[in-house]
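Notes to accompany the following structure.
The basis for the numbers below is simple: all heavy atoms, side chains too, and nothing from hydrogens, waters or symmetry mates. To find a chain, count down the sequence lines: A is the first, B the second, and so on, and within it residues start at 1.
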Protein chains: 2
Amino acid sequence: MTPIELIQHNISGYIRLEAEEMAFFTSLLETRQIKKRQLLLHEGEICKYSAFITDGCLRGYIFDKNGFERVLSFAPVNWWIADMYSLISQKPGVLNIEALEDTGVLLLSKTDQEKLYTQIPKFERFFRIITENSLVANQQRLLDNLSLSAEERYNNFCKKYPSLINQLPLKQIASYIGVTPQFFSKMRNEMLRKKS
Amino acid sequence: MTPIELIQHNISGYIRLEAEEMAFFTSLLETRQIKKRQLLLHEGEICKYSAFITDGCLRGYIFDKNGFERVLSFAPVNWWIADMYSLISQKPGVLNIEALEDTGVLLLSKTDQEKLYTQIPKFERFFRIITENSLVANQQRLLDNLSLSAEERYNNFCKKYPSLINQLPLKQIASYIGVTPQFFSKMRNEMLRKKS
DNA sequence: TTCTTTTCTTAATGTATATTAAGTGCTGAA
DNA sequence: TTCAGCACTTAATATACATTAAGAAAAGAA
């Protein structure tokens, strides 16, 4: 599938568009390639785009008060990512969005997104639904962090991002589940030992 | 303000409705009183309503694997609450929603909510926006849990729910910030000592 | 009121995870 | 080719929080 076909397929899963509506939508998209380790968004910037990943993988992370990176989310192919706080408020955000490998995205600017809302109200529906889904995923992760051990959080990571288990450096996964790389290394060894 | 005035005011902050649209909306609402400690929603049930709080306070919580309650969110006056996972999927949920004191809510059923979406598409917009806001609040809390100490999480609780600091039993707050009541008690004493 | 239950506190001990440090093996740049 | 840096591992020690237990104070029921 081409990037455009991929996003059209993604949208068609939620709303039904006329051909000319779809054409109008795709006319608003901007293609961008991000090289490994390059940032799509830097903390302190105002987030002006929602990004749809067509190839590769991004990660959203912040620096905590001790200067350590904490991964908030990964965005593999077919996912959307943005600093929602900054995108909505148009204030400087805290999120860094970085390519974990060479990555292709389609960008929809905030202004075009609002154009879309007024001209094709069905897009209110589309973004309501994907926001609801994000919210559910987020609440689940919050509960995981409140009630599960690191080991169980790792299992949930594996369920949520099966394609990333072997694709990502271990320290990224450690950061996502909220432990140090050292502890993660030890933990994984213990898990292997238990299974055998 | 009456309950109906309160919810109308809440909605008018996001979308502009004609008088008859507002009348149609309010005709869908159901008033319900929940006595202290009564559940509005019990885990295992399918969530059929979004609830808008007009008086009192609710809490959403789950039981973790050790059988301990973990508070996911509080819902004071003027907030919405539901088990989003269950409401969206119409599968049995994991959330319990309980009144912390005698509480009045306005209920909007899932089916009426969808009626609303088709008959007054502006409501797609309304719920998109409040879902976005929930998502942002949730992401912030997730980052808090990954990167802040219990003390700092308590400070953030105070900022988010200033009205609840003195209204809630301490053990509810402890559960929200993710520590035991014993540790919370000790921590608060230490915080007081530091300030003086 | 009196009794019971719940909330809150204090303190001793226990544990999951962090921190620091050191070492190995890869990778990419000069 | 050689070196610098990065990813990953192992291990010793440290710490933020949990668990258990017991008592005091407050709230609810009889």
Contact pattern, 5' to 3', of nucleotides 19-29 of chain D - B, S or - by protein heavy atom under 4.0 Å = BBB------S-
task = List the protein contact pattern of nucleotides 23-30 of chain C with one symbol per nucleotide (5' to 3'): B for base contact, S for sugar-phosphate-only contact, - for none; contact means a heavy-atom distance under 4.0 Å.
result = --------
Spacing between [X] atom [atom1] and [N] atom [atom2], to the nearest angstrom:
{"X": "A/I177", "N": "C/dA18", "atom1": "CD1", "atom2": "C1'", "value": "14 Å"}
{"X": "A/R70", "N": "C/dA18", "atom1": "CZ", "atom2": "P", "value": "7 Å"}
{"X": "B/L146", "N": "D/dA16", "atom1": "CG", "atom2": "P", "value": "18 Å"}
{"X": "B/M187", "N": "C/dC8", "atom1": "CE", "atom2": "P", "value": "14 Å"}
{"X": "A/F184", "N": "D/dC8", "atom1": "CZ", "atom2": "P", "value": "9 Å"}
{"X": "A/R153", "N": "C/dT17", "atom1": "CZ", "atom2": "C1'", "value": "9 Å"}
{"X": "B/E190", "N": "D/dT15", "atom1": "CD", "atom2": "C1'", "value": "13 Å"}
{"X": "A/K186", "N": "C/dT19", "atom1": "NZ", "atom2": "P", "value": "14 Å"}

task = Write down the atom of B/K160, the atom of B/A137, and the distance for their closest heavy-atom approach.
result = NZ-CB, 4.0 Å
task = Could you name each residue pair satisfying ring-ring contact (aromatic ring centres under 6.0 Å, His included) that touches residues 16-42 of chain B, not counting sequence neighbours?
result =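 Residue pairs passing ring-ring contact (aromatic ring centres under 6.0 Å, His included), neighbours aside: B/F25-B/F123.
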message = Is there a side chain to side chain contact (heavy atoms under 4.5 Å, CB included) between B/T54 and B/L106? Walk through the geometry before answering.
response = CA-CA 7 Å; B/T54 56; B/L106 294 170; 3.8 Å; yes
Could you tell me whether a side-chain N or O of [X] sits under 3.5 Å from a main-chain N or O of [Y], the two making a donor and an acceptor?
{"X": "B/E124", "Y": "B/P121", "answer": "no"}
{"X": "A/Q90", "Y": "A/C47", "answer": "yes"}
{"X": "A/T103", "Y": "A/L58", "answer": "no"}
{"X": "B/T131", "Y": "A/R128", "answer": "no"}

Is any side-chain heavy atom of [X] closer than 4.5 Å to a side-chain heavy atom of [Y]?
{"X": "B/L6", "Y": "B/V77", "answer": "yes"}
{"X": "A/F184", "Y": "A/K171", "answer": "no"}
{"X": "A/I173", "Y": "A/Y154", "answer": "yes"}

key: Below 4.0 Å: OP1/OP2 of C/dT10 and any side-chain N or O of B/N189   = yes
query = What does the inter-axis angle of the helix from C/dT1-D/dA30 to C/dA30-D/dT1 come out as, five pairs per end, nearest 10 degrees?
reply = 40°
message = Is it true that B/S149 and B/E152 share a donor-acceptor pair across their side chains at a distance under 3.5 Å?
response = yes
B/R59 to B/Y176 six-membered ring, cation-pi geometry met (6.0 Å, 45°) = no
task = Hey, could you give me each pair passing side-chain hydrogen bond (donor to acceptor under 3.5 Å, both in side chains) that has a residue in residues 21-35 of chain B? Not counting sequence neighbours.
result = B/E21-B/K122
note = Side-chain atoms of A/V179 come closest, of D/dC17, C/dT17, D/dT9, to C/dT17
message = For DNA chain C, which residues of residues 160-176 of chain B approach it to below 4.0 angstrom with any heavy atom?
response = B/P169, B/L170, B/K171
ask   = Should A/L148 and A/L146 be counted in the same cluster of Ile, Leu, Val, Met, Phe, Trp and Tyr side chains packed under 4.5 Å apart?
value =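 As far as the 4.5 Å side-chain criterion goes, A/L146 and A/L148 are not connected within one cluster.
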